[in-house]
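Notes for the one structure printed next.
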Amino acid sequence: MLEEVERWLSRRSWSVTDRPLDRLTAAKRASGTTVSVVLPALDEERTVGEIVAEIRRKLIEKVPLVDELVVVDSGSRDRTAEVARAAGARVVRRDDVLPRVPAVPGKGEVLWRSLLVTHGDVIAFVDADLKEFSADFVTGIVGPLLTEPDVHFVKAMYDRPMTVMDGPGDPGDASSATAGQGGRVTELMARPLLNMHWPQLAGFVQPLGGEYAARRSLLERLPFPVGYGVELGLLVDALHTVGLDALAQVDVGVRRHRHQDGQALGRMAASIYRTAQLRLARGHLVRPELTQFVRGASGFEPRTYPVDTEERPPMAEVEEYAARRVA
């Protein structure tokens with residue numbers, strides 16, 4: 001590990017317990033900083049309500065830390081929007097944001113559009129499929145942005161146990177877990193890429209984690225990969241924009257969520273590799289597709305999927321966003 005990274009780990013890696021709530025609310029009041037929390041959601045009716053209710057109860061009603069709680073629904077077919085609204089979130093449909101630009105599927109697309117429907121100086125992103133959710137996820141990633149003026153981007157770090165099914169049912173309903181076995185795409189794809197090509201980022205424990213916060217002034221200057229590459233893309237671009245010392249990470253404990261199967265992870269890995277490739281050379285894949293195999297009635301059958309290649313421009317370059325700021 002680079003000496004620079006070792007120094008960074010000692011200066012910019014904290015625990016959520018390092019910043020009690022009373023310290024955060026005092027810092028927020030003194031600075032006048034506003035905080036928005038965004039949950040990108042697609043068919044998450046089983047978990048989104050509990051997450052919204054916990055944030056509202058602990059960080060809006062009990063203490064005034066969060067000013068805005070928004071769920072951006074990217075086309076759910078279940079009751080995600082209804083459940084989130086009933087729990088106390090403002091729900092926005094992805095396709096209603098910046099309608100002149102046709103929406104494409106992908107998490108990064110939702111995060112990018114969320115900048116247009118939020119107003120906080122600090123924006124915290126939280127995945128909507130978390131189980132046993134704690135408000136510590138929000139206070140942890142927001143904390144350094146309220147207390148350290150030179151920090152601009154904060155990732156959560158955590159244990160990520162792999163759930164194991166004891167019987168049939170929803171994979172998210174596992175009854176046991178193996179510690180430290182989650183984050184397969186992180187260990188097999190993202191961490192090797194970062195260590196080899198962006199060694200300054202080798203100290204991040206969960207570089208692909210979906211819980212992170214940043215100053216709006218930074219996010220609006222960054223391009224957003226539309227798909228699964230968004231976390232790696234934002235991290236790499238933030239490094240080049242504000243430097244390593246402006247990045248930080250906070251230990252928030254344990255993260256439990258729904259795990260995806262191996263083929264879905266393969267498609268995720270392909271998108272992440274493409275995002276890395278663009279940042280290494282701004283080149284083009286000869287064939288931006290991934291072929292996988294499933295066993296069918298006649299043996300193994302190929303299934304080919306497109307790899308996310310599109311990126312949205314920095315929001316500061318979008319006419320509607322600039323007009324809103326002037327207004």
Taking all non-hydrogen atoms of both residues into account, name the closest pair between [X] and [Y] and its distance.
X: Leu145; Y: Ala214; value: CD1-N, 3.7 Å
X: Thr275; Y: Gly229; value: OG1-CA, 3.3 Å
X: Leu232; Y: Ala190; value: CD1-CB, 4.3 Å
X: Pro40; Y: Ala128; value: O-CB, 3.5 Å
X: Asp18; Y: Arg23; value: O-NH1, 3.4 Å
X: Ser15; Y: Val250; value: C-CG1, 3.7 Å

Salt-bridge contact [X]-[Y] (side-chain N to carboxylate O under 4.0 Å):
X: Arg255; Y: Asp159; result: no
X: Glu187; Y: Arg191; result: yes
X: Glu54; Y: Arg57; result: yes

Checklist entry - So, do Phe224 and Pro314 sit near enough that their side-chain heavy atoms are less than 4.5 Å apart? => result no
Starting from [Y], can I reach [X] by hopping between I/L/V/M/F/W/Y residues whose side chains sit under 4.5 Å apart?
X: Val154; Y: Trp14; answer: yes
X: Val226; Y: Leu234; answer: no
X: Leu69; Y: Val63; answer: yes

Checklist entry - Could you walk me through whether Lys107 and Glu231 pass the salt bridge (Lys or Arg N to Asp or Glu O under 4.0 Å) check? => result CA-CA 10 Å; Lys107 179 182 179 183; Glu231 272 80 33; 2.9 Å; yes
Next on the checklist: Run the side-chain contact (heavy atoms from CB on, under 4.5 Å) test on Leu280 and Trp198 for me, step by step, so that the C-alpha distance in whole Å, both residues' side-chain angles and the decisive distance to 0.1 Å come before the verdict.
Outcome noted: CA-CA 10 Å; Leu280 286 169; Trp198 296 281; 3.8 Å; yes
Item to check | Cation over ring face, Lys155 and Tyr212, 6.0 Å, 45° | outcome: yes
Would [X] and [Y] count as having a side-chain donor-acceptor pair, cut-off 3.5 Å?
X: Arg19; Y: Thr139; result: no
X: Asp121; Y: Thr34; result: yes
X: Thr80; Y: Glu45; result: no
X: Asp73; Y: Ser76; result: yes

Checklist entry - When you look at Arg221 and Val242, which way does the side-chain contact (heavy atoms from CB on, under 4.5 Å) test go after all the steps? => result CA-CA 11 Å; Arg221 290 186 284 159; Val242 294; 4.0 Å; yes
Checklist entry - Do the ring planes of Tyr158 and Phe137 sit parallel (below 30°), tilted (30 to 60°) or perpendicular (above 60°)? => result tilted
Checklist entry - For Arg279 and Asp237, what are the C-alpha separation, side-chain angles and deciding distance, and is it a salt bridge (Lys or Arg N to Asp or Glu O under 4.0 Å)? => result CA-CA 8 Å; Arg279 277 148 183 79; Asp237 291 342; 2.9 Å; yes
Next on the checklist: Taking CZ in Arg77 as the centre, count heavy atoms belonging to other residues, nucleotides or ligands within less than 6.0 Å. Is the count above 12?
Outcome noted: no
Checklist entry - How about Trp112 and Tyr321: are their ring centres within less than 6.0 Å of each other? => result no
Next on the checklist: What verdict does the salt bridge (Lys or Arg N to Asp or Glu O under 4.0 Å) test give for Arg324 and Glu320, after you've listed the backbone C-alpha separation in whole Å, the side-chain angles of each residue and the deciding distance to 0.1 Å?
Outcome noted: CA-CA 6 Å; Arg324 191 191 75 168; Glu320 287 86 343; over 6 Å; no
Item to check | Full working for salt bridge (Lys or Arg N to Asp or Glu O under 4.0 Å) between Arg79 and Asp43 | outcome: CA-CA 7 Å; Arg79 298 174 59 251; Asp43 296 330; over 6 Å; no
